[in-house]
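Chain letters run A, B, ... following the sequence lines, proteins first, then strands; residues in each count from 1. Atoms considered below: every heavy atom in the structure, side chains included; atoms not considered: hydrogens, waters and symmetry mates.
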Protein chains: 2
Amino acid sequence: MTSDTLTIREMCDLFEVTPRTLRFYEAKELLFPQRDGQKRLFTRRDRARLKLILRGKRFGFSLEEIRQLLDLYYVGDQQATQLGRTLDIARDRLSDMQRQRDELDHAIDDLKSQMALVEDMLAKRDRGRDAAE
Amino acid sequence: MTSDTLTIREMCDLFEVTPRTLRFYEAKELLFPQRDGQKRLFTRRDRARLKLILRGKRFGFSLEEIRQLLDLYYVGDQQATQLGRTLDIARDRLSDMQRQRDELDHAIDDLKSQMALVEDMLAKRDRGRDAAE
DNA sequence: AGAGAAGATGACGTTTACGTAAAGAAGACG
DNA sequence: CGTCTTCTTTACGTAAACGTCATCTTCTCT
């Protein structure tokens with residue numbers, strides 16, 4: 001059994017991030033790699049957290065918002081009050097995401113129809129040019 | 001007929017942004033308010049654009065990405081090559097948005113089930129506490 | 001005329017999320 | 001033993017998107 005930890009480089013390759021990013025996330029307390037001497041070793045838990053971090057970023061959440069949410073996914077040594085607060089935060093983020101999805105659906109439709117309109121314009125312009133030849 | 005233009009303050013109130021933001025967007029060539037002397041007057045077109053800008057921001061697009069897209073919605077004095085490029089950009093953004101929506105659906109489900117799990121944990125813990133009394 | 005109020009133009013400051021360069025430690029290898 | 005790599009820490013730099021003065025016009029109103 002390979003102990004299941006990754007070096008910083010392996011971690012970077014796996015997630016397509018830079019070492020700086022991983023150290024930065026550790027400094028911000030989003031990741032907690034173990035140490036072998038002074039070298040970092042990233043555990044399965046770190047990988048799970050990083051995955052959630054990158055996902056959160058794609059939805060436009062700040063690292064701080066993400067950090068608050070991460071505790072929801074690693075429930076173990078939490079106080080109940082802490083968990084309660086985390087749940088509240090999660091509820092907020094959830095409704096953020098649901099609103100965002102609705103708006104996104106809307107925006108996608110808008111963009112599609114606007115594109116169709118422009119494509120039509122271009123097509124007509126081309127036909128006009130052909131007819132003029 | 002009130003000529004249908006808004007002062008910077010009216011515009012700010014309408015969209016909940018600051019004057020600085022509107023001037024910044026103008027500097028970045030996202031808005032093109034008319035001038036009355038040195039005062040800015042925001043037109044219907046500026047309002048439409050600002051709406052799209054703020055929407056784009058909520059989806060995590062940069063102002064530069066948004067600027068490139070805006071031309072799609074204000075087709076008038078465009079060259080055909082320009083429009084073609086804008087359409088390409090639009091196609092990219094569209095697939096961005098579609099991917100984002102799918103991922104968002106996924107993330108929403110994940111978050112929901114994780115919340116349910118934690119809520120369960122808390123409920124069980126409470127029942128356990130009651131039983132112990 | 002004087003005093004606000006609203007808007008304009010610099011210009012420097014701030015936060016977030018890293019990039020990048022310098023300098024040292026530590027194991028691998030010919 | 002010397003020298004690569006790989007990794008570390010420390011620290012200054014940077015781009016984006018505004019915030020925040022300070023100073024200056026321009027109306028407007030009493």
Side-chain angles (χ1 to χ4, degrees), chain A residues 2-43 46-47 49-70 89 93 96 100, chain B residues 2-43 46-47 49-70 89 93 96 100:
Chain A
T2 133
S3 142
D4 204 30
T5 66
L6 300 185
T7 70
I8 199 168
R9 179 112 309 274
E10 291 165 339
M11 192 77 170
C12 289
D13 292 346
L14 188 57
F15 288 95
E16 303 188 70
V17 296
T18 69
R20 177 65 172 109
T21 299
L22 295 180
R23 297 194 189 107
F24 184 75
Y25 289 170
E26 181 183 4
K28 293 286 174 177
E29 304 188 41
L30 291 142
L31 298 178
F32 308 94
Q34 294 174 0
R35 295 294 176 122
D36 167 28
Q38 66 168 359
K39 296 193 175 175
R40 291 172 175 80
L41 289 178
F42 293 86
T43 67
D46 291 314
R47 298 197 285 281
R49 292 176 74 99
L50 183 53
K51 200 170 164 186
L52 289 170
I53 293 168
L54 297 178
R55 171 187 282 180
K57 286 206 57 186
R58 283 193 295 277
F59 301 148
F61 293 131
S62 72
L63 292 183
E64 176 54 23
E65 288 172 319
I66 294 170
R67 194 188 58 74
Q68 293 178 354
L69 259 186
L70 277 176
I89 294 171
R93 291 294 147 267
D96 281 357
Q100 190 170 348
Chain B
T2 133
S3 143
D4 205 31
T5 65
L6 299 185
T7 70
I8 197 167
R9 179 110 310 271
E10 290 165 340
M11 191 77 169
C12 288
D13 291 348
L14 188 55
F15 288 95
E16 303 190 69
V17 297
T18 69
R20 177 64 172 110
T21 299
L22 295 180
R23 297 194 189 107
F24 184 75
Y25 289 169
E26 182 183 4
K28 292 288 173 176
E29 303 189 45
L30 291 142
L31 297 177
F32 308 96
Q34 296 174 0
R35 293 295 175 122
D36 167 28
Q38 66 170 359
K39 296 194 175 175
R40 292 172 174 81
L41 289 179
F42 294 85
T43 67
D46 291 314
R47 297 196 287 280
R49 292 177 74 99
L50 183 53
K51 200 169 163 184
L52 289 170
I53 293 168
L54 297 178
R55 171 187 283 180
K57 286 206 57 186
R58 282 192 296 275
F59 301 149
F61 294 131
S62 72
L63 292 183
E64 177 53 24
E65 288 172 319
I66 294 170
R67 195 187 59 74
Q68 293 177 355
L69 259 186
L70 277 176
I89 293 171
R93 289 295 148 268
D96 280 358
Q100 190 170 348

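- Distance CZ (Arg40(B)) to P (dT26(D)): 15 Å, rounded to an integer number of Å.
- The salt bridge (charged side-chain N to carboxylate O under 4.0 Å, His left out) check on Glu10(B) picks up nothing, with sequence neighbours excluded.
- Regarding Glu10(A), its CD atom lies at a distance of 13 Å from the C1' atom of dC7(D), rounded to whole Å.
- Contact annotation for Arg23(B): base contact, defined as any heavy-atom pair under 4.0 Å involving a base atom.
- Contact between Cys12(A) and Pro19(A) at its shortest, heavy atoms only, is SG-N, 3.3 Å.
- Nucleotide dT26(D) holds its P atom 12 Å from the CG atom of Asp36(B), rounded to whole Å.
- Qualifying side-chain contact (heavy atoms from CB on, under 4.5 Å) partners for Asp96(A), counting only residues two or more places apart in sequence or in other chains: Phe61(A), Arg93(A), Arg99(A).
- Inter-residue side-chain proximity for Lys28(B) and Ile66(B) is flagged as unmet; no heavy-atom pair is nearer than 4.5 Å.
- For Gln68(A), the side chain to side chain donor-acceptor pair (under 3.5 Å) test picks out Glu64(A), with sequence neighbours left out.
- The distance from atom CE of Met11(A) to atom P of dT6(D) is 19 Å, rounded to the nearest whole Å.
- Contacts between chain A and DNA chain C, taken as any atom within less than 4.0 angstrom of a protein heavy atom, begin and end at dA17(C) to dT20(C).
- In this structure, Arg49(B) has no salt bridge (charged side-chain N to carboxylate O under 4.0 Å, His left out) partners at least two apart in sequence or on a different chain.
- At a threshold of 4.0 angstrom between heavy atoms, the contacts of Arg9(A) are confined to the sugar-phosphate backbone, with no base atom among them.
- Rounded to 10 degrees, the angle separating the terminal helix axes of the helix from dA1(C)-dT30(D) to dG30(C)-dC1(D), each built from five base pairs, is 10°.
- By the salt bridge (charged side-chain N to carboxylate O under 4.0 Å, His left out) test, Arg9(A) is found to be paired with Asp13(A), residues two or more places apart in sequence or in another chain being considered.
- Applying the side-chain contact (heavy atoms from CB on, under 4.5 Å) rule to Arg20(A) yields the partners Thr18(A), Phe24(A); only residues at least two apart in sequence or on another chain are considered.
- Every residue meeting the side-chain contact (heavy atoms from CB on, under 4.5 Å) condition with Leu50(A), not counting sequence neighbours, appears here in chain and number order: Met11(A), Phe15(A), Leu22(A), Tyr25(A), Leu31(A), Ile53(A), Leu54(A).
- With sequence neighbours left out, Thr43(B) forms a side-chain contact (heavy atoms from CB on, under 4.5 Å) with Thr5(B), Gln34(B), Arg45(B), Asp46(B).
- Among residues two or more places apart in sequence or in another chain, the salt bridge (charged side-chain N to carboxylate O under 4.0 Å, His left out) test is passed with Arg23(B) by none.
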Heavy atoms under 4.0 Å is the rule here; annotate nucleotides 15-20 of chain D 5' to 3' with B where the base is hit, S where only the sugar-phosphate is, and - elsewhere. --BBBB

